[in-house]
Amino acid sequence: MSVSGVALPDARVLRYLGVRVLQVIPTILAIVVLNFFFLRLAPGDLAEVIAGEAGSASPEYMAILRQQFGLDQSIWVQFTKYLTELAQLNLGYSFRNSLPVLDLIVSRAPNTALLMLSSLLIAVVLGVLFGAISAQWRGKWPDGVISALSTVGFATPLFWVGLMLIVLFSVELRWLPAGGMQDLEHSYTGFAHMLDVARHMVLPVFSLAFFYIAIYTRLTRSAMLEVQELDFVRTARAKGLNPLPVTLRHVLRNALLPIVTMTGLQLGALLSGSVVIETVFAWPGMGRLAFDAVFQRDINLLLGVLFFSSFLVIVSNLVTDLVYALLDPRIDIR
Amino acid sequence: MTFETLSARFAPARAVRRPRRVRTSSFSYRFWRSRTALIGTAGLLLVVLGAIFAGRIFEADPLDMVARPFIWPFTDAAHPLGTDMLGRDILTGLVHAGRVSLAVGFSAAALAVMLGVVFGAVSGYFGGWADQILTRVTEVFQTMPPLVFAVVVVAILTPSVGSIVLGIAVTSWPQIARLVRAETLRLRDAEYVQAARVMGMGHTRIILTHILPNAISPVVVAGSILVASAILTEAALSFLGLGDPNLISWGSMIGAGREVLRTAWYMTALPGLAISFTVMALNLLGNGLNDVLNPRVSLS
């Protein structure tokens, strides 16, 4: 099936995907149970939240509310109800925002995706570049400088990088906006709007990418050093190929596999990172939504974000597995 | 070959004084040869000693107003790192906040290692359905984005040192569990473990005395890096306003400094540098230990 070195998705791959999807179901169920457990654990039930919102409420009114939401029923009945609603993609209602939780999340998710994917792209490109340079000049000064920088990158809190970039580029140099996603004074349209959003993206994207550049640098470096030792690379060198094509086509290409895995498995961490970055830059995404939910004591919304982002992680893990299996024909597809 | 020549060959040469043998494979020898491990240890020692003796060196309460507010660093010898918006000494604050950050980091990592070792060892040693279930549980905890999960735990249990430690530990134990499981699987069928089993030793005792001691090196390495990431997570939580309201940590100093970022950015910069320094020291120590404990790595 492999014509150009990459196998096409055939029945085997599809069956593998089917098996993996089945394996994922218990994980999703477990997360649902955990979510329900957290909801029960949170201080104050829905009736109290609404009563608090209204200022005061008589015990009779509270009882009516509890009956309305089914809070007076047994925990099993409530859990079944919770499950049925989740199955219909109903994540509950956010009383603070007067909107269904799912609508809120779906309206914010694209902004988070924009932020995360841009950061990931920059991190992969720069990280692979730095890692390749580092591996090529192992033990020389470029390796030293890059290793030192990645050590710093690993150790610096993302939000702090964001704040320092604001100080430098927004406060001192006045080059870039310090927050938000667009200029609210002029409502640009078309190309000007895209340019405006891009300007607002620069600082958050680089703050979020900072840590991941360090990860990809180190990963690429060690993967390349490992591949450099292999026989086929020595053969390529011995038969007199130019060093640069050997590095690019023999070493780097084979070192990319762990990078693919890493990218898929980093989504959870990247989502975590975007919570703080969105908070620093007032970026209207899911992370900012989670932050607001904490402060409005909107547990429904907070758990909705947790569930939705866990679901995204599951999907990305599946995709990673599949890409991995497609890229490496040696992988055993059961 | 006669007996005489044999014994002559194996007899110690009395005239030649042998130099004292240095075991180049010993832990301390390798540790002292690893620059990374030494730099990391030195950095960490500095921070830990500062935190331990914070009360003696800086006797003032970090919450006391001691001078006029907004003194910039390096401008007043009495307050080398300046004062914050309430006139509190920043150096005193940093050292005291370091206690909280370190305590949370170490306790969270310790709890995560404990959970991870128990789950991983049981899973790897017994295999079968216990392994199946525990592996699934580990997966569930690894699926939820760590910081979002920690935020939920802390928000629901209300912010306190206890809930923060729990929130961080609950999100980081799976890495340790996977590591310990893999090591246990490797050691489970080793000859000395089989021997212990034949002798009738109980499972708990085999795990405690035969398996874990031999699986400990990678756990030590992962543990030290876990302390570093726990300190980063604590900082993020405090920055998000989910810190213990009664205590000051580096993260909450950054959060407070953010209010005056435009006029006095040093209040944000300094605690961030303290976090970077500590986390870097821990990471270097972890990487260094990895080289030291891995006999295949040559330290030159």
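Proteins get letters first, then strands, A, B, ... in listed order; numbering begins at 1 in each.
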**OP:** Search all heavy atoms of A:S207 against all heavy atoms of A:V161 and return the closest pair with its distance.
**Re:** CA-CG1, 4.1 Å
**OP:** Could you have a look at A:N317, A:L303, A:L158, A:T156 and say which one has the most heavy-atom pairs with chain B under 4.5 angstrom?
**Re:** A:T156
Subject >> Side-chain donor or acceptor of A:S170 paired with backbone N/O of A:L176 under 3.5 Å >> reply: yes
Subject >> Which atom of B:T135 lies closest to which atom of B:D131, heavy atoms considered >> reply: OG1-O, 2.6 Å
Original post:
Quick one: does B:S163's side chain have a donor or acceptor within less than 3.5 Å of a partner on B:L157's backbone?
Top reply: no
Original post:
Relative to chain A, which segment of B:F149 carries a heavy atom at a distance below 4.5 Å: side chain, backbone, both, or neither?
Top reply: both
Subject >> For chain A, the option from B:L240, B:T233, B:L232 that forms the most heavy-atom pairs under 4.5 Å >> reply: B:L240
Original post:
Under a 4.5 Å cut-off applied to non-hydrogen side-chain atoms, are A:F291 and A:E278 in contact?
Top reply: no
Original post:
Would you say the side-chain atoms of A:S272 pair up with the backbone N or O of B:L147, donor to acceptor, closer than 3.5 Å?
Top reply: yes
Original post:
Under a 4.5 Å heavy-atom cutoff, which of B:L273, B:V154, B:L282, B:L284 has the most pairs with chain A?
Top reply: B:L273
Original post:
Looking at B:G241, B:A235, B:A150, which has the largest count of heavy-atom pairs under 4.5 Å with chain A?
Top reply: B:A235
Original post:
Which bit of B:L242 is near chain A, if near means a heavy-atom gap under 4.5 Å: side chain, backbone, both or neither?
Top reply: side chain
Subject >> Interface moiety of B:A236 toward chain A, non-hydrogen atoms closer than 4.5 Å >> reply: both
**OP:** Let me know if A:E172 has heavy atoms under 4.5 Å from chain B in its side chain, its backbone, both or neither.
**Re:** side chain
Subject >> Toward chain A, the part of B:R262 with a non-hydrogen atom under 4.5 Å >> reply: both
